[in-house]
Amino acid sequence: MATAAAAGEPESPAELLLRAAALVPLERYALAALVLASAFLYRFLELHVLGDLLRGLRGGRVALAFHPDSQVYHRVASGCRSLHGRYLATPWLASPHLQTLFLGIWGRPPSVTYRRQLYTVRDGGTIALDWLLASDCEAAVVTSCDGTISSDDSTPIVVVVPGLTSDSTAAYVKHLVFSMASNGWNVVVGNHRGLGGISITSDCFYNGGWTEDIREVVNYLHQKYPQAPLFTVGTSLGANILVKYLGEEGENTPVAGAASICSPWDLLVTSRFISRKLVQRCYDKALAIGLKGYAKLHQPVLARLANWEAITSSRSTREFDHHATCVVAKYETVDTFYRKCSSANYIGNVSVPLLCISALDDPLCTKEAIPWDECRANKNIVLATTPNGGHLGFFQGLTAGRLWWVEPVSEFLSALHDSPCMHRRKTQEHGLQSPLESSIDKGPYVNLMEDGMVAAVTNEDTNIQDSLDKQIARETGGSDGKVDVQQTGITRGLHDESQSAEMNTVSSEDNVAPAEGPAESQEQREELSADKIRDVIAPVKKSINQLIKSQGRSVWWLAYIAVVTSWPLLGTLGFFLYRKKFRNSSPAKWLLRS
């Protein structure tokens with residue numbers, strides 16, 4: 001009876017729920033768990049497969065930001081088809097994290113064989129310049145290739161600046177290098193110090209704001225290949241370095257055009273972003289591991305400059321920058337380093353046509369740091385953003401064999417090369433000082449280039465300058481006023497014209513009758529005035545002679561300048577020399593003489 005009574009009692013809601021749950025098959029629970037896990041991963045990995053399907057697999061539209069009156073956009077970027085289309089990510093890589101991870105692990109880069117050149121900068125550091133020439137990609141067709149570039153070659157050169165702890169072996173670098181070389185351009189990768197298998201040979205390390213290396217490399221290439229237009233492409237942290245360099249130089253850079261890919265823009269904002277969420281903290285730890293691996297390669301030097309134990313114990317990029325970067329580069333705090341080295345501060349001073357590409361879902365360089373207004377205010381900048389792409393990934397196609405951003409960069413630089421918008425240095429150029437030569441040996445000589453610009457003559461032209469000095473010494477030497485001119489054509493005419501003042505001085509002094517007393521003092525004053533004018537003409541004459549010797553193609557232009565500028569001086573000189581004769585002569589005498 002007790003059991004029956006107990007059995008007749010109503011069950012509690014919990015017991016009823018458990019009994020109902022027991023009736024559900026286990027397969028249903030497994031399916032529900034799979035759905036929840038998929039939703040979590042879809043959100044955690046920021047997948048966008050459903051979005052791509054809803055858009056009909058057309059991809060997201062490329063958004064452009066530029067100044068309304070920008071000639072760079074209207075004449076260059078407007079003709080780039082890829083910038084006015086859409087980007088569709090590889091379906092099985094439809095996530096910024098999957099794209100970034102796949103690029104770092106595999107990337108499917110093309111086969112590239114570089115030609116290495118070691119360049120020593122002024123402070124003794126060594127940089128590895130890895131070349132891929134256009135002739136290297138044509139080797140299968142043209143077998144007679146020596147793999148060198150002549151000094152008068154006009155083939156455009158692209159300088160690539162890799163990202164943090166990356167070098168010329170990175171997959172995305174190879175994609176870009178191979179594409180540009182296949183289009184007939186010469187490409188050189190400027191590896192950061194201590195990367196590319198090169199040891200640190202000075203106490204300087206590269207960082208996110210170190211622009212001295214790219215400045216020296218660009219000036220070196222411009223001096224060695226003056227006829228070849230220079231273009232630069234920066235990726236990730238290399239993009240921050242590149243834009244900062246362009247802003248620092250302004251008009252005084254030989255770079256004709258540039259591209260910035262996935263730049264962090266604001267290092268302080270980026271640093272806080274990668275320490276915000278769990279997935280970003282994973283990237284932060286991965287970057288810190290890479291930085292510590294870079295430090296271990298150069299432990300003998302870095303342990304002498306900073307606290308090695310603190311460096312090896314760094315668990316984030318901020319800690320590494322605190323213990324290593326700020327100590328070596330002498331920044332007060334990490335925030336000071338981030339603020340001073342952020343390229344967003346230099347956007348307004350960029351005077352070079354610049355294409356900037358960023359993905360709004362970049363897991364490392366957040367869209368919060370993109371300087372939208374600054375880019376719109378600068379007529380030289382075109383900013384292109386895509387909804388997807390990850391960090392330097394932008395894989396497209398079913399096989400993920402291509403990076404989308406490589407195509408717009410190639411189109412933009414090619415269109416810029418064929419347009420009048422290509423930047424040209426407007427200020428006076430200075431010769432590049434070799435790492436092993438002293439600035440004391442530099443002379444104030446100038447060289448007139450073919451495009452009419454004036455540049456300093458480097459030590460490569462020392463023989464020309466020695467001959468110039470000897471020639472000037474022969475012309476200006478001696479006290480008798482005689483000049484030995486051994487030139488022909490227009491050069492002789494310019495010398496005769498510039499030396500006519502000295503010959504007129506001698507003849508006028510012979511024609512003037514000697515006087516006594518006050519007249520003699522008056523004659524002395526006239527001679528002093530003539531000497532002063534002669535001193536004024538001498539530097540002009542010397543500069544003209546140097547210009548004629550150093551570059552003979554612009555002699556007609558120099559002749560025009562010499563004629564226009566010398567007549568007022570000769571007229572003034574004649575007035576002082578013949579003033580006494582004019583005073584003592586009457587108009588009647590002059591009429592009779594005529």
Side-chain angles (χ1 to χ4, degrees), residues 76 79-82 107-119 127-162 166-191 196 214 217-235 238 242 254-261 352-353 355 357 401-419 421-424 450-451:
V76 181
C80 299
R81 184 181 61 179
S82 56
R108 304 195 64 180
S111 178
V112 173
T113 303
Y114 295 105
R115 303 174 187 269
R116 170 151 293 187
Q117 174 188 359
L118 298 181
Y119 178 76
I127 300 175
L129 302 178
D130 291 335
W131 289 85
L132 183 67
L133 308 183
S135 57
D136 296 335
C137 295
E138 300 172 357
V141 180
V142 182
T143 57
S144 58
C145 175
D146 56 358
T148 59
I149 306 177
S150 61
S151 59
D152 58 347
D153 192 352
S154 60
T155 304
I157 298 177
V158 180
V159 183
V160 180
V161 186
S166 297
D167 53 21
S168 59
T169 61
Y172 63 89
V173 174
K174 289 184 176 181
H175 277 282
L176 174 63
V177 167
F178 183 81
S179 175
M180 298 304 299
S182 299
N183 292 337
W185 291 29
N186 297 323
V187 189
V188 56
V189 181
N191 296 286
I214 183 176
V217 169
V218 166
N219 290 338
Y220 160 74
L221 294 175
H222 179 62
Q223 182 188 20
K224 189 171 183 181
Y225 310 106
Q227 304 300 326
L230 281 180
F231 299 87
T232 54
V233 179
T235 56
L242 172 61
V255 175
S260 167
I261 313 299
V352 172
L355 172 65
I357 298 178
R402 293 176 297 153
L403 304 184
W404 172 84
W405 61 266
V406 174
E407 184 178 358
V409 168
S410 178
E411 291 180 355
F412 179 82
L413 297 183
S414 298
L416 179 62
H417 179 252
D418 298 332
S419 74
C421 298
M422 193 168 54
H423 174 264
R424 291 176 176 84
E450 290 185 9
D451 55 359

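Throughout, residue positions are numbered sequentially from 1 according to the sequence presented.
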Which heavy atom in [X] sits nearest to a heavy atom in [Y], and how many Å separate them?
X: T169; Y: K174; answer: O-CE, 3.7 Å
X: M422; Y: A256; answer: CG-CB, 3.2 Å
X: W404; Y: I357; answer: CZ3-CG2, 4.0 Å
X: S410; Y: N183; answer: OG-ND2, 2.6 Å
X: N191; Y: A128; answer: ND2-O, 2.9 Å
X: F231; Y: P229; answer: CE1-CB, 3.7 Å

Which residue is it: T148, D152, D153? I am looking for the one with a side-chain hydrogen bond (donor to acceptor under 3.5 Å, both in side chains) to S150. D152
First locate atom [atom1] of [X], then atom [atom2] of [Y], and finally report the distance between them rounded to the nearest 0.5 Å.
X: L132; Y: S182; atom1: CG; atom2: OG; value: 7.5 Å
X: F412; Y: S82; atom1: CZ; atom2: OG; value: 11.0 Å
X: L176; Y: S168; atom1: CG; atom2: OG; value: 12.5 Å
X: W405; Y: S179; atom1: CH2; atom2: OG; value: 9.0 Å
X: Q117; Y: L221; atom1: CD; atom2: CG; value: 7.5 Å
X: L230; Y: I157; atom1: CG; atom2: CD1; value: 5.5 Å

Please report the C-alpha distance between T113 and D136 in whole Å, then the side-chain angles of each, then the deciding distance to 0.1 Å, and finally whether the side chain to side chain contact (heavy atoms under 4.5 Å, CB included) criterion is met. CA-CA 8 Å; T113 303; D136 296 335; over 6 Å; no
Is the backbone of [Y] close enough, under 3.5 Å, to the side chain of [X] for a donor and an acceptor to pair up by distance?
X: H423; Y: V255; result: yes
X: T232; Y: V158; result: no
X: H175; Y: R108; result: yes

Other residues, nucleotides, ligands: >12 heavy atoms within 6.0 Å of Y114 OH: yes
Pairwise side-chain contact, W185 with S414, heavy-atom cut-off 4.5 Å (strictly under): yes
What's the verdict on side chain to side chain contact (heavy atoms under 4.5 Å, CB included) for V233 and I261, showing C-alpha distance, side-chain angles and the deciding distance? CA-CA 8 Å; V233 179; I261 313 299; 4.3 Å; yes
Trace of the side chain to side chain contact (heavy atoms under 4.5 Å, CB included) decision for N186 with Y225: CA-CA 12 Å; N186 297 323; Y225 310 106; over 6 Å; no
Can you list the steps and then say if L355 with E411 is a side chain to side chain contact (heavy atoms under 4.5 Å, CB included)? CA-CA 11 Å; L355 172 65; E411 291 180 355; over 6 Å; no
